[in-house]
Amino acid sequence: MVEKFQAVVIGGGPGGYVCAIRLSQLGLKTACIESRGSLGGTCLNVGCIPSKSLLNLSEEFHKVKHLSNKGIEVGEVKLNLNKMMKNKDKAVTVLTKGVEFLFKKNKVTYFKGHGSFKSKNEILINDKDNKKTTIFAENIVIATGSVPVSLPGINFDEKVILSSTGALKIENVPKKMIVVGGGYIGLEMGSVWSRLGSEVHVVEFLENITPGMDKEISNEFMKILKKQGIKFHMQHKVEGIKKNDFGAIVSTTDKDGNKKDFDSDVVLISVGRKPNTEGLHVEAAGIDLDEKQRVKTDKNFKTNQSNIYAIGDVIVGPMLAHKAEDEGIAVAENIAGQSGHVNYDIIPGVIYTTPEVAAIGKTEEQLKEKNIDYKIGKFSFMANSRAKAIDDAEGFVKILADAKTDKVLGAHLIGPHAGELIGEIGIAMEFGASSEDIARTCHAHPTFSEAVKEAALSVDKRAIHS
Ligand code: FAD
Ligand code: NAD
């Protein structure tokens, strides 16, 4: 007999699992199908969580090595990479098991297997033992995420030519790593391996790292990373990668047509990710994809089929876990007859390097392009007492406000705990705050958040500590 569900979610990543829990909370009989054998998707298994674990551990290793500068003498500091990796794996296991517990608690039926469409209401599940089950769904949410892209003609072997997944489980610290692409993954994973002892070279096609980021922040970011020892080769296009006995040779051409080869023990290709609809058989349900092979949806996440929806990395928009989660909740509420909503103007982005980089709302470049008059408030962590007290004072806070109304239009931070500080600006923006509202809010002393208040004061040229 075919089991029937009111809602079925295909994919158990941050978009899918959050959506399934919300659907169940709203009283719908819900199932979630996940093929990788554990819940949490890219984010928990091979993305946000393992990368943040390694970023933290490698930063601790780096800090301990330099503690004597701060008057703390330690003995010889040695790296046990195997133990560090086990620590990372433990974090992943605890969190993915945690999601399984949440499914049980919320009565979401969990199917371990690969889901594909048989029709617009039937899904075939193929488990690891090739056992096939068909289920019926009134509503279906596609949350199948994304996968790394490589360069034309180059395949990941995850030993020498790595995607982010391979870069999270290197067994010995490589002497030299070439990172192709200076975006989120390249800079986070490049930082990890640089701190652990690799010579890291970032080869980037464009003029700036992290394209789309406010240029002033992006320039400061690159300056700081260079000081940390990462080498940058900007406006270099990678044309080919050839493996040899020692690793690989990466062939590039710069903007003037000059060719340069880089030898390397390992190469991390981090040039973006693509939507994942492989083996989903969308055609069996008549679902349209767009020109980039993303599932096409309207503003309510509905596909061209009235009972089928899509969210997360597999649709248009930034490929971020919190964007996927918020869409998961919104679509569940829409399916249950409520009015789910995501405010795409206020989605924060954070790069978890040291220092962290965080952004929300419009960049200066975007405001110029839209001919919007704006004021800038800036405050350096060099003048923030907490940052100075702990000798962690690189970077600044930049707030952009409308020239006439003072409404906050964007904020861009580089500095200690930037990824946490962006939260208060997000809330302020969600409530339509002006920079004066932030400036008038009492911030505890001594905290990093005072730099946000001072940047808000500086919009009106009245910062106190600069
Ligand atoms: P996914 O997390 O990709 O989940 C989709 C799931 O669907 C997968 O588990 C897949 O196995 C499953 N699936 C696919 N097809 C089928 C099928 N046919 N049947 C059954 N199951 C299927 N984002 C952040 O916001 N912060 C970060 O710090 C961050 N760090 C990252 C670090 C790295 C190294 C990487 C690679 C990504 C990072 N991201 C980060 C991005 C984040 O991981 C993604 O945006 C997020 O996971 C997208 O969620 P999703 O639910 O749409 O898809
Ligand atoms: P990305 O889009 O962030 O960066 C890719 C970079 O590669 C760009 O700078 C691009 O100009 C460059 N590039 C493209 N082709 C090139 C070539 N042939 N030679 C040299 N450079 C080239 O992509 P990513 O770093 O792979 O990350 C994928 C996505 O995963 C991100 O966009 C982000 O959404 C997500 N992610 C988020 C976080 C986070 O939130 N902290 C961390 C990791 C990943």
Side-chain angles (χ1 to χ4, degrees), residues 9-19 32-52 54-55 96 111-117 123-126 142-152 154 163-165 167-168 179-190 202-213 233-239 250 252-253 268-282 310-315 317-325 327-328 347-353 356-358 419:
V9 183
I10 310 178
Y17 86 72
V18 166
C19 178
C32 180
I33 308 166
E34 170 55 59
S35 58
R36 81 168 65 230
S38 72
L39 292 166
T42 302
C43 177
L44 268 59
N45 290 280
V46 290
C48 327
I49 298 305
S51 62
K52 264 79 263 179
L54 288 184
L55 276 158
T96 54
F111 288 102
K112 283 189 186 176
H114 182 270
S116 59
F117 284 98
I123 300 167
L124 176 72
I125 303 164
N126 200 349
I142 303 172
T144 48
S146 63
V147 289
V149 286
S150 188
L151 295 165
I154 296 164
S163 71
S164 52
T165 305
L168 287 165
V179 173
V180 186
Y184 278 71
I185 291 176
L187 300 177
E188 286 189 351
M189 294 315 299
V202 175
V203 180
E204 167 60 50
F205 177 58
L206 298 172
E207 204 180 335
N208 289 89
I209 54 171
T210 53
M213 183 183 283
H233 309 274
M234 305 306 290
Q235 293 181 292
H236 278 66
K237 187 165 186 234
V238 172
E239 308 277 11
V250 178
T252 68
T253 307
L268 164 61
I269 302 180
S270 46
V271 294
R273 297 176 59 83
K274 62 178 179 194
N276 176 23
T277 50
E278 211 180 302
L280 193 57
H281 295 163
V282 285
I311 55 165
D313 280 10
V314 79
I315 68 168
M319 289 184 167
L320 295 172
H322 40 283
K323 177 256 191 190
E325 289 186 36
E327 288 179 343
I347 293 185
V350 179
I351 306 183
Y352 297 83
T353 43
E356 289 182 353
V357 179

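Ligands are counted one by one from 1 in listed order, and the atoms in each one are counted from 1 as well.
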Heavy atoms only: which of V179, L206, L151 lies closest to atom 18 (N) of ligand 2? L151

Measuring from non-hydrogen atoms of P318 to any atom of ligand 2, is the shortest distance under 4.0 Å? no

Rounded to the nearest 0.5 Å, the CD1 atom of I33 sits from the CG atom of L124 at a distance of 9.0 Å

Min N/O separation Y352 to ligand 2 under 3.5 Å: no

Does even one non-hydrogen atom of E239 get within less than 4.0 Å of ligand 2? no

Could you tell me the residue and atom name of the protein heavy atom closest to atom 9 (O) of ligand 2, and the distance to it rounded to 0.1 Å? E204 OE1, 2.6 Å

Enumerated ligand 1 atoms positioned under 4.0 Å from heavy atoms of L320: 23 (N), 25 (O), 45 (O)

Using a 4.0 Å heavy-atom cut-off, say whether R273 meets ligand 1 through its side chain, its backbone, both or neither. side chain

Of the side chain and backbone of S146, name the one, both, or neither that has a heavy atom under 4.0 Å from an atom of ligand 1. backbone

Which residue supplies the protein heavy atom nearest to atom 20 (C) of ligand 2, what is that atom called, and how far is it? F205 N, 3.3 Å

When rounded to the nearest 0.5 angstrom, what is the spacing between CE in M189 and CG in L55? 7.0 Å

I'd like to check whether K237 has a polar contact with ligand 2, where a contact means an N/O of the residue lying under 3.5 Å from an N/O of the ligand. no

Tell me the contacting part of Y352 for ligand 1: side chain, backbone, both, or neither, using a 4.0 Å heavy-atom threshold, strictly below. side chain

Which atoms of ligand 2 have any heavy atom of V180 under 4.0 Å away? 19 (N), 20 (C)

Once rounded to the nearest 0.5 Å, what's the spacing between atom CG of L187 and atom CD1 of I209? 5.0 Å

Among all protein heavy atoms, pick out the one at the shortest distance from atom 32 (O) of ligand 2; state its residue, atom name and that distance to 0.1 Å. Y184 CD1, 4.3 Å

Assess, by modelled atom type and distance only, whether the side chains of T42 and D313 contain a donor and an acceptor separated by less than 3.5 Å. no

Checking the N or O distance criterion of under 3.5 Å, is ligand 2 in contact with I351? no

Looking only at heavy atoms, is any part of V350 under 4.0 Å from ligand 2, and if so is it the side chain, the backbone, or both, or is it neither? backbone

For atom 18 (N) of ligand 1, what is the closest protein heavy atom, and at what distance to 0.1 Å? G115 O, 2.9 Å

I need the atoms of ligand 1 closer than 4.0 Å to a non-hydrogen atom of C43, numbered in the order shown. 2 (O), 43 (O), 47 (O)

Against heavy atoms of G183, which atoms of ligand 2 measure under 4.0 Å? 3 (O), 4 (O), 6 (C), 25 (O)

I need the I123 CD1 to L280 CG distance, nearest 0.5 Å. 8.5 Å

Per-atom filter on ligand 1: closer than 4.0 angstrom to a heavy atom of G15 are 51 (O)

Is any side-chain heavy atom of L151 closer than 4.5 Å to a side-chain heavy atom of V180? yes

Only heavy atoms of V203, strictly under 4.0 Å: list the atoms of ligand 2 that pass. 20 (C), 21 (N)

Look up atom CG in L168 and atom CD1 in I49, then write down how far apart they are to the nearest 0.5 Å. 11.5 Å

Identify the protein heavy atom lying closest to atom 29 (C) of ligand 1, giving its residue, its atom name and the separation to 0.1 Å. C48 SG, 3.3 Å

